[in-house]
Amino acid sequence: MAHRVSDQEFTEFVQAAWPGLYRTAYLLLGDRGLAEDLVQTALAKTYAAWPGVRDVQAAPGYARTTLVNTASSWFRRKSWRNELPHELASGELPDDAQDHDPSDRPALLEALGHLPPRQRAVVVLRFYEDLSVAETAHALGCSAGTVKSQTSKALDTLRRLLGEAVVPLTTGATHD
Amino acid sequence: MTERLSALLHQEADSLDVPTPLVGDVLTAGRRVRRRRRLTQGVAVVAVLAVAGGTALLVGGGSDSPDALVADPAPTGTADVGAVFSVGNTVYLHGGTTSATLPEVVQAMYPTSAGVVLRTNKDGSSDGGAPFHFELVRPDGTVQDLGLTLGEVVPATDPNEPYLAYAAARGDSSQVVVVDVTSGDEVARVDVPDEFSWGGWEAPPVGLAGDVVYVGMDKKAVTVNWRTGESSTSDVVPGGGIPIVSGGHVVVQHGESKPVSVVDATTGATLLDVRAGAYPYVTLSPDGRFAKVVDQEKEQGFELYTVETGASVPIHGAPWEFGWTSDGELFSVSSQGVDVCSPTTGECSGSPLPAGVSVDGDLRVMGLMYES
């Protein structure tokens with residue numbers, strides 16, 4: 001029997017879940033406006049599914065999965081790169097990447113901006129959300145092998161851009 | 001091995017200035033998704049495994065396009081009826097190209113997702129005009145009598161929903177009643193706490209936004225979720241006035257020579273502040289996306305604001321002559337024809353009235369208030 005949740009309860013859920021979802025969305029997309037759109041879209045879809053929610057405690061997880069799924073569908077659009085800010089969309093690695101101070105947060109954001117969207121998503125889900133390879137694969141709708149290979153490529157790029165102090169050479173897909 | 005990377009990601013996230021959630025907008029968009037899924041229900045049902053806790057949730061499948069939510073310039077749930085106006089007992093849709101004749105004079109028009117609900121009576125008068133009757137006119141001009149007769153009350157619709165809400169007196173208290181306009185069936189009747197004594201109506205005036213009916217009681221508005229029956233006092237929508245809530249947004253007056261705000265009716269978050277003379281008069285489009293701002297010290301013209309961006313454009317003409325389409329375009333009607341104006345550019349385009357259509361008589365336009 002589905003639990004009938006009122007708009008008031010959903011409002012309280014939105015206010016509680018919004019900050020965490022927004023932070024994840026920003027790390028995934030690197031743009032505040034798009035992050036806000038993504039969270040709003042994910043929460044709207046969560047609201048639409050609300051009557052079918054059997055366990056309200058699972059709602060935050062459902063909203064986060066919806067957010068990642070929605071971001072993934074955005075990434076698949078041909079026009080996606082055109083919607084990103086130019087510096088994020090260029091995809092070209094800077095020549096002096098190793099000169100960045102790895103403790104500098106803008107350097108991290110800039111480095112993330114050089115990753116293809118799905119590699120970026122893998123990094124955020126595994127090293128910010130602390131999801132396992134299997135959970136990341138489920139969230140992104142791909143195989144565990146794809147997550148491992150995407151993680152490896154992403155870390156190679158980040159190591160070049162941020163240095164081994166941030167991404168040691170021994171780092172691998174050991175985060176199962 | 002990746003602790004440093006993880007720490008930098010957390011530092012970056014923690015340093016973010018997180019914007020306030022616009023809960024009303026989320027609810028409005030969610031209802032739109034839910035309605036779209038209802039339309040596609042039966043096509044697919046998918047099981048979604050939540051990441052956290054591994055709990056299984058069963059939800060209906062449907063469109064997953066983000067474009068429909070993020071870049072949607074107009075709500076998809078509104079009925080395509082175009083510029084709607086009436087003259088006497090005839091109502092015109094789509095700028096006059098579709099019409100329907102009613103048994104009584106059209107007194108007011110309310111946009112819904114199923115078409116336009118008409119309030120009619122013997123002579124079109126507002127004050128002392130009861131009894132009022134109600135009909136649904138669909139986009140193709142067909143008419144359905146809702147079998148509803150009301151006295152002196154102020155009903156409301158949401159252009160994205162197929163419902164008409166009103167309040168009814170029950171002894172010394174009030175009830176909220178919701179009618180499905182596609183069938184005429186009463187779908188909810190909920191007791192309303194608090195006192196009502198102002199205004200001279202038989203029962204308090206109401207506003208409707210999604211599942212929530214706002215009821216204008218004496219001191220504060222009471223919110224009633226008609227699906228769950230839950231009610232509470234609103235901290236945002238004031239009492240002692242008609243609770244006009246459009247698309248989850250409401251206009252709040254702060255006093256003479258102070259800005260007028262458009263706020264989220266659920267959270268009270270300010271969406272737009274406008275200044276226009278000592279006594280600005282601000283009304284919202286039916287979907288709440290645009291605000292008509294009239295400086296009552298100016299002789300003519302008004303400003304039209306986009307609530308989300310704060311951008312504004314000037315509109316020439318008398319503000320009381322401009323109504324709204326269901327999806328937020330301004331329009332006016334005269335013997336010269338129908339002018340429809342873009343709310344974002346202010347550009348208007350006119351078209352002549354169709355042959356045989358005359359606006360001589362008691363002309364009324366959808367989007368203006370005809371309450372006594």
Handout entry: Side chains of A:Leu43 and A:Trp18 in contact at under 4.5 Å (non-hydrogen atoms)
Key = yes
Practice task
Kindly indicate whether the side chain of A:Tyr128, heavy atoms from C-beta on, has any atom under 4.5 Å from the side chain of B:Glu12.
Solution key: no
Handout entry: Winner by heavy-atom pair count (cut-off under 4.5 Å) against chain A, out of B:Thr266, B:Leu27, B:Thr223
Key = B:Leu27
Problem - Contact origin within A:Val68 toward chain B - heavy atom pairs under 4.5 Å - result: neither
Problem - A:Leu27 portion near chain B, given a 4.5 angstrom heavy-atom threshold - result: side chain
Exercise for the section: Give a yes or no answer on whether the side chain of A:Arg159 reaches the backbone of A:Glu164 with a donor-acceptor pair at less than 3.5 Å. Expected result: no
Exercise for the section: Give a yes or no on whether the backbone of B:Thr2 and the side-chain of B:Ser6 come within a donor-acceptor separation of less than 3.5 Å. Expected result: no
